[in-house]
Amino acid sequence: QVQLVESGGGLVQAGESLRLSCAASGGTFSPYSMGWFRQAPGKEREFVAAVTRGGGTTYSSASVKGRFTISRDNAKNTVYLQMNSLKPEDTGIYYCSLKRFDGEIIGAAQYDYWGQGTQVTVSS
């Protein structure tokens, strides 16, 4: 059974940076696309970024493009989300996810495994 464990969240001020990590275990990690989603209080879970199995293609939502970078290290079974120039509206719980099948990349329903989430809070 695949398990995903996020880390690296915290409380920062606007303009600062954080790097989130997601460690995968319990299965083969490299054949699958990985994504990051976030959920703010009272809002639906939203797509943040994704990276394909080889790491050659990445996707980012319009709200984070140019500020957040997703990457993966298949040797370490880890995916990262580097978040720069953080804004208060980036506040939320950030979830790592794994997608077993090809196809549409930004819908949460397309992902099969999820971590427990890590809290990111950005103060103004």
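Throughout, numbering of the chain's residues begins at 1 and tracks the sequence.
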Item checked: Side-chain heavy-atom pair L20, V120 within 4.5 angstrom cut-off -> yes

Test your reading of the model: is there a side-chain donor-acceptor pair from [X] to the backbone of [Y], 3.5 Å cut-off?
| X | Y | result |
| --- | --- | --- |
| E104 | I106 | yes |
| T91 | V122 | yes |
| D112 | R100 | yes |
| Y111 | I105 | yes |
| T118 | G9 | yes |
| E6 | G117 | yes |
| Q110 | G107 | no |
| K99 | F101 | yes |
| N74 | R53 | yes |

Return the minimal non-hydrogen interatomic distance between [X] and [Y], and the atom names on each side.
| X | Y | answer |
| --- | --- | --- |
| R38 | S63 | NH2-OG, 3.4 Å |
| S60 | K65 | O-NZ, 3.5 Å |
| L18 | L86 | N-CD1, 3.9 Å |

Margin query: Please report whether the ring centroid of F47 lies less than 6.0 Å from that of F37.
Written below: yes

Is there a path of hydrophobic side-chain contacts, each under 4.5 Å between heavy atoms of I, L, V, M, F, W or Y residues, that connects [X] with [Y]?
| X | Y | value |
| --- | --- | --- |
| L98 | I93 | no |
| I70 | Y59 | no |
| M83 | V51 | yes |

Check: In terms of the angle between their ring planes, are Y94 and F68 parallel, tilted or perpendicular, with boundaries placed at 30° and 60°?
Finding: tilted

Next item on the list: Identify whether NZ of Lys or CZ of Arg in R19 sits under 6.0 Å from the centre of the six-membered ring of Y80 and within 45° of that ring's axis.
Entry: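 Yes; both conditions hold, so R19 lies above the ring face of Y80.
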
Item checked: Derivation of the side-chain contact (heavy atoms from CB on, under 4.5 Å) call for L4 and Q116 -> CA-CA 8 Å; L4 304 174; Q116 82 290 346; over 6 Å; no

Rounded to the nearest 0.5 Å, what separation is found between the [atom1] atom of [X] and the [atom2] atom of [Y]?
| X | Y | atom1 | atom2 | answer |
| --- | --- | --- | --- | --- |
| R67 | S85 | CZ | OG | 7.0 Å |
| S71 | L81 | OG | CG | 8.5 Å |
| C22 | W36 | SG | CH2 | 5.0 Å |
| L11 | E16 | CG | CD | 8.5 Å |

Next item on the list: Any chance you could lay out the side-chain contact (heavy atoms from CB on, under 4.5 Å) test for C96 and V79, step after step, and finish with the verdict?
Entry: CA-CA 8 Å; C96 173; V79 63; 3.7 Å; yes

Check: Distance only, no hydrogens: is a donor on one side chain within 3.5 Å (strictly under) of an acceptor on the other, for D73 and T78?
Finding: no

Item checked: Verdict with reasoning, E46 to Q39, per side-chain contact (heavy atoms from CB on, under 4.5 Å) -> CA-CA 6 Å; E46 66 169 349; Q39 189 166 17; over 6 Å; no

Next item on the list: Might you work through the side-chain contact (heavy atoms from CB on, under 4.5 Å) test for R45 and Y95, ending with a clear yes or no?
Entry: CA-CA 9 Å; R45 191 169 299 191; Y95 297 92; 3.5 Å; yes

